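Here is the structure we will look at.
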Amino acid sequence: IASYLNSGVGQSCDFLSSELSDGLVLNLVGHKMKNDMKSAGIGQNEDFHKDLTYRKDKIHWLETTTSNSSERLFFELIDSWISYLNQTCYAGIMKSEFHYALYEQGSFYKKHLDQFSKNDSRVFSMIMYLNANWKEGDGGELVIYKENETIKIPPSLGRMVFFDSGKYEHEVLPTIVSRLSITGWLKRS
């Protein structure tokens, strides 16, 4: 939390244990193999649309009622994180939503805000990376645009990134190799 308080962007290099990461990777790959990863869209409700020139990843939403042991452990970790934020920062987080994200070769997501223009319930954005062998040059880095600074974050295994959903525009750079993650939002309602 200290890095978030100091810079507005929090990071942890070991938020996900290697065992949990391995289980989540297997799940994401399983969803890909079953063809139940869907092209992601932009916007909400009547504003929702798909635009492959703006966003080219595929997603699969996670359900808190899952029977999958890795996903249950993931949600226990998230609940613990929410409790910590609410107790120490009075964040007022009441809900969360997460999805697997797959950026296949050549995929990207151009500069955007995560908070919808007609709905400000998303308070914090979180991204947890599942890329065991990512190396410089593989692409898929997250770029966060602050007022006087640009932060470029490699999608390394176990890393978690945390920032204000309505404050910082960000993008995912084009991928050279597939990029796997869980992305989600901590919400007021």
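We're numbering straight along the sequence, starting at 1. These figures come from a predicted structure and were not determined experimentally.
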Problem set entry | Heavy-atom donor-acceptor pair, R179 side chain to G140 backbone, under 3.5 Å | yes
Problem set entry | Face-on cation placement of K111 at Y145 ring, 6.0 Å and 45° thresholds | yes
Exercise. Quick one: does R122's side chain have a donor or acceptor within less than 3.5 Å of a partner on F116's backbone?
Worked result: no
For this session: Determine yes or no for a side-chain-to-main-chain donor-acceptor pair under 3.5 angstrom, with S107 supplying the side chain and E104 the backbone.
Result: yes
For this session: Look at the side chain of R55 and the backbone N and O of A40, then say whether any donor-acceptor pair between them is shorter than 3.5 Å.
Result: no
For this session: Taking all non-hydrogen atoms of both residues into account, name the closest pair between L16 and L24 and its distance.
Result: CD1-CD1, 4.3 Å
Exercise. Is the distance between the ring centroids of H170 and H112 under 6.0 Å?
Worked result: yes
Seminar exercise, completed: For A101 and L28, the nearest pair of non-hydrogen atoms, with its separation, is O-CD1, 3.7 Å
For this session: Apply the test side chain to side chain contact (heavy atoms under 4.5 Å, CB included) to residues Y54 and F108: give CA-CA distance (whole Å), side-chain angles for both, the deciding distance (0.1 Å), then the verdict.
Result: CA-CA 8 Å; Y54 192 78; F108 54 86; 5.7 Å; no
Exercise. Judged by atom type as modelled, is there a donor-acceptor pair below 3.5 Å linking the side chain of S83 to the main-chain atoms of D79?
Worked result: no
For this session: Give a yes or no on whether K95 atom NZ has more than 12 heavy-atom contacts from other residues, nucleotides or ligands under 6.0 Å away.
Result: no
For this session: Give a yes or no on whether the backbone of T53 and the side-chain of K110 come within a donor-acceptor separation of less than 3.5 Å.
Result: yes
For this session: Apply the test side chain to side chain contact (heavy atoms under 4.5 Å, CB included) to residues S125 and W185: give CA-CA distance (whole Å), side-chain angles for both, the deciding distance (0.1 Å), then the verdict.
Result: CA-CA 5 Å; S125 300; W185 301 272; 3.3 Å; yes
Exercise. Under 3.5 Å, side chain of N131 to main-chain N/O of P155, donor-acceptor pair present?
Worked result: yes
